[in-house]
Structures are given as C-alpha cells and as structure tokens.
Number of protein chains: 2
Amino acid sequence: MQHLEQAVEQHLATAGVRLTQGRRSTINALATMHGPRTAAEIHAQVDGTVPLSSLYRSLSVLTDVDVLSAQHGSDGVIRFELAEWITGHHHHLICTSCGTVVDVTPTVDQEKSMEQIVEKMAHEAGFDVSGHRFEIEGTCRTCR
Amino acid sequence: MQHLEQAVEQHLATAGVRLTQGRRSTINALATMHGPRTAAEIHAQVDGTVPLSSLYRSLSVLTDVDVLSAQHGSDGVIRFELAEWITGHHHHLICTSCGTVVDVTPTVDQEKSMEQIVEKMAHEAGFDVSGHRFEIEGTCRTCR
DNA sequence: TTCCTTGCAAACGATTTGCATTGGA
DNA sequence: TCCAATGCAAATCGTTTGCAAGGAA
C-alpha cells in the first residue's frame, strides 16, 4: 500500500491539491472498504473524525482530480470509490433490494467483446465514444 | 398509439391502478418526449397541469407497476421513461457535451453476447441477474 | 358509495455553501 | 507567510408525506 500512497501523493501534488490529514484518512478508508461507499459510510469508517461537510468537500475535490470516482445510486445517494487507475478497470453489480454495489472485473476477452459492441452501436448513431458504464442489476446473495 | 394506450390501460387495470387524467397525460408526455426525462421536464411538458407532488406520486406508482422505468443520472436527478416492454429493449448514448440521450437498440447477436457476459460475471459474485444497463458516453454528431 | 387519487403545504434528507478559523507547504 | 482546507451552522433543492377534498369504478 506504500506504492498507492506515494502514487496518490504524487498525483495530488501535480494537481496542486494538498494531501491533508482528513483526505488521507478518507482515501485510506475507501482503500479498506473495497467498492463504492456513501459519504455516511466513510464518515462512520473514519469514526466521525472528519465532519460530513468537510468530507463532502474532500470527496468532491478528490473526484475532480480523478483520485476518486462517483456514482449516483438508485437510492439517490452518491457512492465514491478509488479511481480505476488505482483499482483497475471494473464494472458494477447492483443489488436492487439493498442497494449494495459490488465491483466485478471482466476478463480481457469479456472486456474486448463489450468494447466491440459499444463501438459498433455508437458508430451507427454517429457517436464518438469516450467511455462506457456497465451496470448489472440483480439480487445479491444475502438478499436472495 | 391506440394500441399503446389500450395495452397500458389493460396493464394498469390488471395491476389494480386507476388510469386518471393526470396519469394519462404523464404517460402521453413521456411517449412524446422519447427518452429519459426528469419530473421537472415532464411537469413543463404537461404545462403545469399536474402539480409536482402529484406527478411524483404518479411516477412512483407507474414505475412500481412497470409502466415506467426510473434511472438516477449523474446529476442526482431521477429520469423516467416508458418501460422496455413498451419501447423495446435499448441502451443509452449520452452526449457529454449537450446532454442529449439517444436510444440505441442492439442487434440480437449483440444483445446475446452481452447477456452471456453479464450472466458469467454476475454468477461468480453470487448475483441473480434481473437486468442490465449499458450507458455509452461520447459526443454526438452535431456536437462533434 | 367506496377508496384510490389529488392538491396544497409542510417535512425530509443528502448535499452544498457562507464565513471565520486553522493548518499545510 | 499565505492561501487552501476545515468546521460549524444555515441554506438548497429534488423528492416525499400528512391530511382533507375530489374523482374513478
């Protein structure tokens, strides 16, 4: 995890953003939690040491500089996770019952197939593809 | 569009839900607008004839009985559209420049490939798949 | 008539922001 | 030092809800 910290530190320095105590623990919390987490969950994980308002501000800044990525869940709550250049490329399994989001990493073949399909569909509509989001909905093991 | 109205009417009757004036115009508005729309947009489209609170309640009921589907955008706002059994299965091309959302329908082969991949990825994580959402971001023809 | 629906207004709750204070490089 | 970052409290705003009145079956 030292490498991660250094890489992130470097990344933030380049972006001209300070790596403060609060931001450090926010990032560490997310690194520990594996997968998208809400501000409230992170707030609990850091044991309330970072006020929610400050936490939201940090999350916003960290997302802006691409250390985190954000997604809006069907429960209307934003979940944050480490950016893909840190965690690696993946997609999301979303439990329609409890809202939990789990990361899944496609195999190289799977990813290649998906990209091909994306490219083809978009091309016919005259779109220049810049990215895609693939979300699988279903029921997780514990909710079933 | 007569067929649509009858089918929906039937659907609602079976579900024990009344097709009222407000609901009728809500559904018609969405049928006209093609693609996911926010409550505010629908409210404007029906020219304010349906109060926002009532509109939200209708949208909620209609989503529950699967006449509409809802999705939470990256701006934190809920967008509604006619359910896929009405519009047909499709995915979304989202222009990151102008925000336009275009529906794209995958070919049978494309859809089959995607479902296979989805099934495989989800199964390993212990998920029961109920559906998937594929959103392609990029630049549309007119914005390019 | 019987309830499901509506309208209005008030409540909610996640997220954002103003402002004075603190702390990192 | 100097300005970004913080903490607190108040404000936002999309969405939800209580309750009495209205309308579909």
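Predicted, not measured: the structure shown is a model, and the values here were computed from it. Note on naming: letters A, B, ... go to the chains in the order of the sequence lines (proteins, then strands), and numbering restarts at 1 for each one.
Partner of Leu62(A) under the side chain to side chain contact (heavy atoms under 4.5 Å, CB included) criterion, chosen from Leu30(A), Leu19(A), Leu68(A): Leu68(A). Screening Arg133(B), Glu135(B), Glu111(B) for a side chain to side chain contact (heavy atoms under 4.5 Å, CB included) involving His91(B) leaves a single residue, Glu111(B).
The separation between Glu41(B) atom CD and dG14(D) atom P is 12 Å, rounded to whole Å. The distance between atom CD1 of Ile42(A) and atom P of dA14(C), rounded to the nearest whole Å, is 14 Å.
Side-chain contact annotation: Glu137(B) with His132(A), donor-acceptor N/O pair under 3.5 Å absent.
Listed in residue order, the members of residues 9-26 of chain B having a heavy atom less than 4.0 Å from DNA chain C are Val17(B), Arg18(B), Thr20(B), Arg23(B). In the region residues 51-60 of chain B, proximity to DNA chain C at under 4.0 angstrom, judged on heavy atoms, holds for Pro51(B), Ser53(B), Ser54(B), Arg57(B), Ser58(B). Heavy-atom distances under 4.0 Å link DNA chain C to Val77(A), Ile78(A) of residues 68-84 of chain A, given in residue order.
Residues Val102(A) and Ile78(A) do not share a hydrophobic cluster, clusters being chains of Ile/Leu/Val/Met/Phe/Trp/Tyr side chains in contact below 4.5 Å. Taking hydrophobic clusters as Ile, Leu, Val, Met, Phe, Trp and Tyr residues chained together by side-chain heavy-atom distances below 4.5 Å, Val104(B) does not share a cluster with Ile86(B). Linking Ile, Leu, Val, Met, Phe, Trp and Tyr residues whenever their side-chain heavy atoms come within less than 4.5 Å leaves Val77(B) and Leu59(B) in two separate clusters.
Trp85(B) places no side-chain N or O within 3.5 Å of a backbone atom of Val67(B) that could act as its donor or acceptor partner.
Two residues are said to be in side-chain contact when any heavy atoms from C-beta on lie closer than 4.5 Å; Gln45(B) and Thr49(B) fail this criterion.
A salt bridge is absent between Arg37(B) and Glu81(B); no separation between the charged side-chain nitrogens and carboxylate oxygens falls under 4.0 Å.
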Item checked: side chain to side chain contact (heavy atoms under 4.5 Å, CB included) between Phe127(B) and Ile136(A), intermediate numbers included -> CA-CA 9 Å; Phe127(B) 257 70; Ile136(A) 306 172; 5.9 Å; no
